[in-house]
Amino acid sequence: MSKSVDLTALVAAARAAREQAHAPYSHFAVGAAVVDENGRIHAGCNVENAAYPQGWCAETSALAAMVSAGGRRVLAVAVCGVAADPVTPCGGCRQRLREFAADDCPVWVVDEDSVRASFTLGQLLPHSFGPHHLPP
Ligand code: THU
């Protein structure tokens with residue numbers, strides 16, 4: 001992980017974003033935060049919808065915040081959820097992260113109190129399809 005990544009701040013941002021989750025249907029609040037190429041942290045929460053499939057994940061919110069702020073690379077990710085098993089990004093969000101992150105990008109999986117697990121994006125999404133597959 002890049003020395004410029006402040007893991008404490010990244011995890012705090014994911015935890016704080018989780019507090020804002022709109023999850024009245026699943027009651028499963030998730031927060032996520034990403035560090036961009038300029039060291040800025042962008043965070044987001046899951047946003048559910050009464051038309052269930054229209055909801056989206058915390059990681060997607062965090063990426064949208066990053067892109068909206070001009071960020072284009074993800075150097076590190078934190079996801080905060082509370083469950084018996086560590087709350088790792090869903091398959092779709094792994095692919096969304098892949099758009100902006102390298103295989104060695106760390107993904108910190110945390111809950112309210114502790115770091116539950118850590119992975120690289122390449123571990124979570126091996127042999128991934130990415131921008132490099134497409135012609136310039
Ligand atoms: N969710 C996330 O926001 N991120 C994940 O990594 C896993 C799942 C959300 C989607 C939905 O609002 C709720 O958690 C239950 O699946």
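Between A43 and A13 the shortest heavy-atom distance is CB-O, 3.8 Å. Here the closest non-hydrogen pair linking A78 and A14 is O-CB, 3.8 Å. The two atoms that bring A23 and F28 nearest to each other are CB-O, 3.7 Å, heavy atoms only. Residue R98 comes nearest to P131 through the heavy atom pair NH1-CD, 3.9 Å, listed as atom of the first residue, atom of the second, then distance. When all heavy atoms of C80 and E112 are compared, the closest pair comes out as SG-N, 4.3 Å.
Under the 3.5 Å distance criterion, the side-chain polar atoms of N38 are left unmatched by any main-chain donor or acceptor of R40. Remark: the backbone N or O of C45 is paired with a side-chain donor or acceptor of S61 at under 3.5 angstrom. Panel note: side chain R116, backbone W108; no donor-acceptor pair is recorded below 3.5 Å. No donor-acceptor pair closer than 3.5 Å links the side chain of T60 to the backbone N or O of W56. A donor-acceptor pair is defined here as one N or O able to donate and one able to accept, closer than 3.5 Å; such a pair exists between the side chain of R94 and the backbone of P89. Although no hydrogens or angles enter the test, the distance criterion places a donor-acceptor pair under 3.5 Å between the side chain of E48 and the main chain of Y25. Although no hydrogens or angles enter the test, the distance criterion places no donor-acceptor pair under 3.5 Å between the side chain of Q20 and the main chain of A17.
By the criterion of side-chain heavy atoms lying less than 4.5 angstrom apart, applied directly or through intervening Ile, Leu, Val, Met, Phe, Trp or Tyr residues, M66 is not grouped with L10; the two fall into different hydrophobic clusters. Linking ILVMFWY residues whenever their side-chain heavy atoms come closer than 4.5 Å, directly or via other members, leaves L121 and V35 in distinct clusters. By the rule that hydrophobic residues join a cluster once side-chain heavy atoms approach within less than 4.5 Å of another member, L7 and L75 end up as members of one cluster. The cluster map of Ile, Leu, Val, Met, Phe, Trp and Tyr, joined by side-chain heavy atoms under 4.5 Å apart, puts V11 and I41 in the same cluster. Both V115 and V5 belong to a common hydrophobic cluster when Ile, Leu, Val, Met, Phe, Trp and Tyr are linked at side-chain heavy-atom distances under 4.5 angstrom.
For the side-chain contact (heavy atoms from CB on, under 4.5 Å) test with F100, the passing option among V34, V74, D36 is V74; the others fail.
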Run the numbers on V110 and V79 for side-chain contact (heavy atoms from CB on, under 4.5 Å), then give the verdict. CA-CA 6 Å; V110 311; V79 179; over 6 Å; no
The test is side-chain contact (heavy atoms from CB on, under 4.5 Å); show your working for Q123 and V107 and say whether it passes. CA-CA 10 Å; Q123 288 174 314; V107 179; over 6 Å; no
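For the atom pair R73 CZ and E37 CD, the distance stands at 8.0 Å (nearest 0.5 Å). Separation of atoms NE2 (H42) and CG (L63) is listed at 10.0 Å; rounding is to 0.5 Å. In this structure, L97 CG and E59 CD are separated by 6.5 Å, a value rounded to the nearest 0.5 Å. Rounding to the nearest 0.5 Å places CZ of R96 at 12.0 Å from CG of L125. For the atom pair H22 NE2 and N49 CG, the distance stands at 7.0 Å (nearest 0.5 Å). In this structure, C105 SG and L124 CG are separated by 9.5 Å, a value rounded to the nearest 0.5 Å.
Using modelled atom types and a 3.5 Å distance limit, the side chains of Q95 and S128 yield no donor-acceptor pair.
Open room surrounds OH on Y52; 12 or fewer heavy atoms of other groups in view lie less than 6.0 Å from it.
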